[in-house]
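Here's the structure we're looking at; comments come further down.
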Amino acid sequence: MSLKLESGFEFDYENLLGDGCVTKEDVSALLPELKKAHEAMDVMRRTGVIRGHLSKDGTPEKVLFSQLPYIEKGNLNSPESVARLKKFGESARNRVDAVVSLGIGGSFLGNKVLFDVQCGSFWNLKTREERKGYPKVFFSGNNIDPRSTKDLIDYIKYAADMSVHHDKKNSRKYKVMLICISKSGGTLDTMSNFMVIYDALKKNKNVKVEVVAVTDPNEEKPTLLKKMAMENKWESFAVPDGVGGRFTIFCEVGLVLAAVVGFDIEAFLEGARNMDKACQNNDIWQNPAMLNAALKFIAAEKYGRDEEVMMPYGDYLESVSMWYIQLLAESLGKQFNKEGKEVCYGRTPIVALGTRDMHSQTQQHQEGKLNKIVQFIRIEKWANDLAVPNVFPTVQKLADISGVTMGQALEVARQSNADALISNNRFNALFSLPKLNAYYLGELLYMLAMSISYEGELADVDAFNQPGVEAYKKIMGPKLQQVKAQQAEK
């Protein structure tokens, strides 16, 4: 059983619906609530209003992420804004040597997905020509780690020294672009790294630093970072109101980095847009997001499957699992429902990677507590798939695995895992992408975002706030001031 779109994107739920799994009767019983959830999604698209959603200061706030796939005048992504992003990306080509993307939460996790799919692990080891003139890319600001921050500074210093050494004739400085992403401008993790790196690079005679601020665009009441950008004449892009961090991969927060590595922004948004159109279907069996939300909700609430293992098959998709962790945890992990009743709802998300974690986590998936759904992601056709050669014909065990491609072997491993799991009553499902490219990535990520939105309505929780995150921030500020005061006394 599967739902396949015209694009080729497929949601295979064979091992999630049927005998021993969620039943069609379960789904039928949920149809009245699904109808309400679907109507709520329609209202959200048209007006940005989600019942019961409040901002962190307790005031009503619109939810606008469903607008992002549509490149239209007046929208958050307009023809003008996309053209500006592309121009910005072109301006970095053959001019900027290295980009440091500084952000945390969705400002890191989403950007890492786009980087991995476009660039892969060895991007920074390629020549400028192999990168088509685009700069090297480093990530920081997603943790407060003095060692890794110093290592990054030391590497840039080394690269700058080597660049100047090899280009003494032109005395060309090593150009570093710091993309600083913070809506408030006060994010401790991001801004501490930014200040340390900015200060160190500004003091280096071989480095030329430029800053790009991605922050709240309001110029009348500017945030700290926006005010700094205005005063220092830094180029700036928007962290828009109404788009929570875990959804910002579809707006300038993610697309700024996408632009400086040559990622196909328009194809990515087209994939998201076509998925959104599919998700406007009121027939659950033709709506991927509604169907996924319903099956996962029932599996958790009726069958106790309250942990979700996101297990893509392919190294450069592991960051999708990391991105999904935030999406699921922040959106659905809620103590209270919209009426203020304590419900403590939400599935625990778990990152896994095939085939790597078949040799570690799968023992738990296969025989541990009966509380998991394993969600696979596969790529049907890999670009430049490699055949396994018969290099050692006299070694029978190795000769037996030759003659197939690595992509075929990967899929055999995934199928074997899925079959073994369901044979022991372990729920699992599959998202299948015809290829790994910007379009299909847009389809997948947007479907997951909409699915979470549907499930928030089914569970009657606000899928667009994160009060638990705000709780530790309120404690952390005063503690940091105490440390600073103690340091001053020494």
Side-chain angles (χ1 to χ4, degrees), residues 85 88-89 91-116 118-126 128 131 133-164 172-183 185 187-215 224-225 228-229 232 234-237 239 245 248-249 252-263 319:
L85 284 165
F88 171 72
S91 76
R93 291 181 74 181
N94 299 307
R95 183 182 66 83
V96 175
D97 294 291
V99 165
V100 181
S101 178
L102 295 119
I104 196 167
S107 302
F108 163 66
L109 295 166
N111 292 11
K112 187 64 164 58
V113 171
L114 300 180
F115 174 80
D116 284 355
Q118 176 69 11
C119 304
S121 297
F122 303 99
W123 177 258
N124 291 345
L125 299 179
K126 294 179 178 180
R128 184 185 290 274
R131 298 194 310 269
Y134 289 107
K136 295 179 179 182
V137 175
F138 302 92
F139 291 93
S140 184
N142 53 298
N143 201 1
I144 312 172
D145 185 322
R147 179 178 174 179
S148 65
T149 302
K150 185 176 186 305
D151 285 349
L152 175 57
I153 292 168
D154 288 347
Y155 172 79
I156 293 175
K157 179 181 181 299
Y158 167 78
D161 290 348
M162 292 299 292
S163 176
V164 171
R172 180 185 179 277
K173 289 189 176 184
Y174 193 78
K175 295 183 176 65
V176 180
M177 176 188 288
L178 304 181
I179 301 178
C180 187
I181 310 169
S182 173
K183 186 176 178 70
T187 311
L188 174 63
D189 328 64
T190 300
M191 299 308 293
S192 60
N193 276 272
F194 169 67
M195 289 188 289
V196 168
I197 295 170
Y198 179 79
D199 181 62
L201 297 186
K202 287 290 284 186
K203 291 176 179 176
N204 190 311
K205 67 180 188 308
N206 292 330
V207 176
K208 182 177 181 181
V209 183
E210 63 181 89
V211 178
V212 175
V214 186
T215 187
L224 292 173
L225 184 54
M228 290 163 63
N232 292 282
W234 296 336
E235 185 157 13
S236 63
F237 291 89
V239 181
T248 55
I249 192 170
E252 289 184 353
V253 173
L255 302 183
V256 167
L257 182 71
V260 298
V261 295
F263 183 81
S319 52

Side chains of [X] and [Y]: does their closest heavy-atom pair fall under 4.5 Å?
| X | Y | result |
| --- | --- | --- |
| V261 | L114 | no |
| F237 | I179 | no |
| V260 | V96 | no |
| L225 | M191 | yes |
| V211 | N232 | no |

Please name all residues satisfying side-chain contact (heavy atoms from CB on, under 4.5 Å) with [X], sequence neighbours left out, ordered by chain then number.
| X | value |
| --- | --- |
| N206 | A160, D161, V164, N204 |
| I144 | L188, D189, S192 |
| K150 | D154 |

Closest non-hydrogen atom pair, [X] against [Y]:
| X | Y | result |
| --- | --- | --- |
| T149 | D145 | OG1-O, 2.9 Å |
| G103 | F108 | O-CB, 3.3 Å |
| V253 | S107 | CG1-OG, 3.7 Å |

Could you state the interatomic distance from [atom1] ([X]) to [atom2] ([Y]), rounded to the nearest 0.5 Å?
| X | Y | atom1 | atom2 | answer |
| --- | --- | --- | --- | --- |
| M162 | K157 | CE | NZ | 12.0 Å |
| F88 | M177 | CZ | CE | 4.0 Å |
| T190 | I181 | OG1 | CD1 | 8.0 Å |
| C119 | K126 | SG | NZ | 7.5 Å |
| Y158 | S163 | OH | OG | 11.5 Å |
| L85 | L257 | CG | CG | 11.0 Å |

Verdict with supporting geometry, V99 and V212, side chain to side chain contact (heavy atoms under 4.5 Å, CB included)
CA-CA 10 Å; V99 165; V212 175; over 6 Å; no
Please determine whether the number of non-hydrogen atoms from other residues, nucleotides or ligands lying under 6.0 Å from atom NZ of K175 exceeds 12.
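It does: K175 NZ has more than 12 such atoms within range.
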Quick one: salt bridge (Lys or Arg N to Asp or Glu O under 4.0 Å) partners of D199, sequence neighbours excluded?
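In terms of salt bridge (Lys or Arg N to Asp or Glu O under 4.0 Å), with neighbours along the sequence ignored, D199 is linked to K203.
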Does any N or O in the side chain of T215 come within less than 3.5 Å of the main-chain N or O of K183, such that one atom is a donor and the other an acceptor?
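Confirmed, T215 side chain pairs with K183 backbone.
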With sequence neighbours left out, which residue pairs that include part of residues 95-105 fulfil the side chain to side chain donor-acceptor pair (under 3.5 Å) condition?
R95-E210, D97-R128, D97-R172
Show which side-chain atoms of residues 135-143 pair as donor or acceptor with protein atoms under 3.5 Å away, not counting sequence neighbours.
residue: K136; atom: NZ; partner: Y155; partner atom: OH; Å: 2.9
residue: S140; atom: OG; partner: N193; partner atom: OD1; Å: 3.1

